[in-house]
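The block underneath contains the structure these notes are about, expressed in structure tokens.
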Number of protein chains: 2
Amino acid sequence: MRGNLFAVAVDLVILTVREGVLSTLLVRRGVAPFLGELALPGGFVLPHEDLLDSAARELVEETGLTITGHHLEQLASYAAPDRDPRGRVLSVGHLALVPDLPEPQAGSDAAASAWYPVAEVGHLAFDHDRILAAGVERARAKLEYTTLAATFCPPEFTVSQLRGIYEAVWGTELDPRNFQRKVTNTPGFLVPTARKVSTGRGRPAQLFRRGEATSLHPPMLRD
Amino acid sequence: MRGNLFAVAVDLVILTVREGVLSTLLVRRGVAPFLGELALPGGFVLPHEDLLDSAARELVEETGLTITGHHLEQLASYAAPDRDPRGRVLSVGHLALVPDLPEPQAGSDAAASAWYPVAEVGHLAFDHDRILAAGVERARAKLEYTTLAATFCPPEFTVSQLRGIYEAVWGTELDPRNFQRKVTNTPGFLVPTARKVSTGRGRPAQLFRRGEATSLHPPMLRD
DNA sequence: CTCTTTCATGTCACATTGACGAGAATCGGC
DNA sequence: GCCGATTCTCGTCAATGTGACATGAAAGAG
């Protein structure tokens with residue numbers, strides 16, 4: 001067919017919000033190129049795998065999370081001729097949005113993986129900086145016109161928690177009252193849980209679950 | 001490195017608006033798989049090429065257009081194990097937006113290429129239907145919040161022509177007066193040409209050039 | 001019991017939008 | 001040369017969404 005063949009890898013930008021800080025899962029490389037540097041979790045696509053399947057498999061291996069209920073989408077592909085010293089490797093970046101995990105993780109596949117605040121991430125192996133930047137920008141954009149912020153939340157959550165997601169991802173502050181009006185007036189975004197309340201320090205908040213709506217019309221603007 | 005290698009191709013969704021109809025450039029295949037069927041223009045990535053360079057080269061070969069001033073972006077990658085009977089081929093879809101070309105083309109690379117109204121396109125070779133659908137959807141979305149509609153237009157154009165682009169891409173009708181107010185009130189979208197006017201059948205229209213603005217705030221909604 | 005904190009609801013000015021009216025400038029036909 | 005059709009351009013008005021801000025409701029801390 002053609003002589004110039006590529007190895008194909010999937011790399012994952014896995015985003016979550018931990019204690020109000022947008023964070024991503026990174027692994028410290030234990031093998032040949034860029035040894036010891038931080039990189040996105042990822043791996044080569046197996047012979048009979050499709051891209052999204054491969055990304056889902058990597059996600060499970062790194063976090064133990066299955067895709068059910070979570071969000072995983074393709075970002076973009078990177079194939080600069082010199083991006084990998086071993087030869088021609090095309091990497092398909094993916095974006096995963098997950099809720100704050102109970103524990104980072106223990107004896108999983110890549111034990112060297114941990115969460116890092118996105119704002120503090122410096123240089124990464126390969127061209128993973130660019131992929132991470134693309135993932136963060138995509139997430140920021142998608143919060144504007146979709147209901148995806150809820151995928152960062154546990155199954156039941158308050159409006160404050162949801163607002164915290166927006167503030168962490170966007171790096172801005174939002175007016176609690178206007179935010180509440182916006183999300184509660186958007187049909188299908190939030191379904192109130194059976195009168196349950198939770199508590200922190202002030203008045204208890206109503207708990208919600210995700211609604212069926214996926215898009216936000218009109219969008220939530222961040223200016 | 002790994003045994004499972006891929007051939008990597010770029011495929012192009014080239015969109016334009018011809019006589020008020022959103023159209024795409026397709027080629028009739030003259031070789032082995034899917035011989036005789038319609039397909040997106042594209043080809044394999046050369047040994048030292050990056051993806052966007054490869055797509056730009058294909059665009060030149062198919063249309064004679066250089067990228068200067070036009071729009072070319074990556075869409076997504078497709079790598080289902082059985083998408084190509086010859087073996088594992090990963091295709092990186094790209095989207096190009098071009099103005100209505102003076103002539104389809106003549107003795108260029110793929111002489112079998114021609115413009116087809118998007119609405120009338122049936123089944124395509126490989127999984128090119130999906131790529132085309134993704135390209136059209138991306139173009140529709142981008143008209144909402146960017147000034148990219150102008151890339152469909154010649155260097156100088158009227159507000160009516162621009163509105164025709166929106167109507168063709170979205171398949172809707174827009175109020176001429178509200179549309180005019182919207183685009184002329186958006187700073188940096190349109191720069192009025194030195195008082196020139198054009199003509200069709202009614203009152204002559206002001207000619208504009210593209211401004212420097214790339215995003216639309218607030219966006220143009222299509223409902 | 002009062003203060004503080006956070007949730008929840010409401011008000012008001014302002015900008016944008018959608019629907020529409022009407023004048024300005026051209027052309028084709030009589 | 002006049003008339004009507006056509007299209008560009010500007011303007012009006014009500015409805016809607018947003019930003020800024022006040023205020024009440026429901027908890028815990030001292």
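Convention: sequence-line order gives letters A, B, ...; per-chain numbering from 1.
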N185(B) CG to dC10(D) P, straight-line distance once rounded to whole Å: 10 Å
Nucleotide interval of DNA chain C bounded by contacts with chain A (heavy-atom cut-off, under 4.0 Å): dT5(C) to dT11(C)
Nearest-Å distance for atom pair CG/P, residues L221(A) and dT16(D): 19 Å
Test item: side-chain donor near acceptor, S77(A) and S77(B), under 3.5 Å: yes
Annotated protein contacts, base or backbone, on nucleotides 21-28 of chain D with a non-hydrogen cut-off under 4.0 Å, one of B, S, - each: BB-BBBSS
Distance-only donor-acceptor test (3.5 Å): side chain R181(A), base dG17(D): no
N/O donor-acceptor pair under 3.5 Å between S215(A) side chain and T146(A) backbone: no
Any donor-acceptor N/O pair, H128(A) side chain to L40(A) backbone, under 3.5 Å: yes
With L216(A) via side chain to side chain contact (heavy atoms under 4.5 Å, CB included) - residues at least two apart: T147(A), Y166(A), T186(A), F189(A), M220(A)
Sub-4.0 Å heavy-atom contacts from residues 155-167 of chain B onto DNA chain C, ordered by number: none
Upstream residue (5' side of DNA chain C) when L207(A) and H217(B) are each assigned their closest nucleotide: L207(A)
Residues in side chain to side chain contact (heavy atoms under 4.5 Å, CB included) contact with E37(A), at least two apart in sequence or another chain: F34(A), H123(A), A125(A)
Test item: side-chain donor near acceptor, S91(B) and D11(B), under 3.5 Å: yes
Heavy-atom donor-acceptor pair, E167(A) side chain to L174(A) backbone, under 3.5 Å: yes
Under 3.5 Å: donor-acceptor pair, side chain of T193(B), backbone of L207(B): yes
Any K182(A) side-chain N or O less than 4.0 Å from OP1/OP2 of dG17(D): no
Sidechain-backbone polar pair: H71(A) side chain, L97(A) backbone, donor-acceptor under 3.5 Å: no
By side-chain hydrogen bond (donor to acceptor under 3.5 Å, both in side chains) - contacts of R138(B) (at least two apart): E73(B)
D127(A) side chain vs R83(A) backbone, donor-acceptor pair below 3.5 Å: no
